[in-house]
Amino acid sequence: MAKNPASAGKTVTVEQIGSPIRREAKQRQTLVGLKLNKLHRTSTLEDTPAVRGMIEKVKHLVRVVDGQ
């Protein structure tokens with residue numbers, strides 16, 4: 001049976017550093033999916049491949065604060 005990465009309890013904290021104004025709708029939706037909506041807000045999420053992909057998609061708008 002494969003190990004579930006969520007059971008390891010790893011998290012990643014991201015902070016929004018860029019505005020979604022004048023960005024593509026998909027980028028705005030990705031920020032909402034990361035639970036970010038205003039500048040300098042932080043969100044702690046499970047460290048999964050899906051979340052890492054979302055961060056990569058908007059890497060110019062967010063900053064990874066720490067990964068545990």
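Quick caveat: nothing in here was measured; it's all calculated off a predicted structure.
Annotation: the span from Arg63 atom CZ to Thr13 atom OG1 amounts to 10.5 Å, rounded to 0.5 Å. To the nearest 0.5 Å, the span separating NZ on Lys59 from CZ on Arg52 amounts to 13.0 Å. Rounding to the nearest 0.5 Å places OG of Ser19 at 10.0 Å from CZ of Arg28.
The two residues Glu15 and Val65 have their closest heavy-atom pair at CB-CG2, 3.7 Å. The shortest heavy-atom contact between Leu45 and Lys35 is CD2-CD, 4.1 Å. Smallest separation of non-hydrogen atoms from Leu61 and Gln27: CD1-OE1, 4.3 Å.
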* To do: I would like to know whether Asp47 and Thr11 meet side chain to side chain contact (heavy atoms under 4.5 Å, CB included); could you show each step before the answer?
  => CA-CA 5 Å; Asp47 192 5; Thr11 61; 5.8 Å; no

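Side-chain atoms of Ser43 come within 3.5 Å of backbone N or O of Leu34 as a donor-acceptor pair. No side-chain donor-acceptor contact under 3.5 Å links Arg41 to the backbone of Gln16. Of the possible polar contacts, none joining the Gln29 side chain to the Leu31 backbone as a donor-acceptor pair under 3.5 Å is found.
Val62 and Leu39 are assigned to two separate hydrophobic clusters, defined by single-linkage of ILVMFWY side chains at heavy-atom distances under 4.5 Å.
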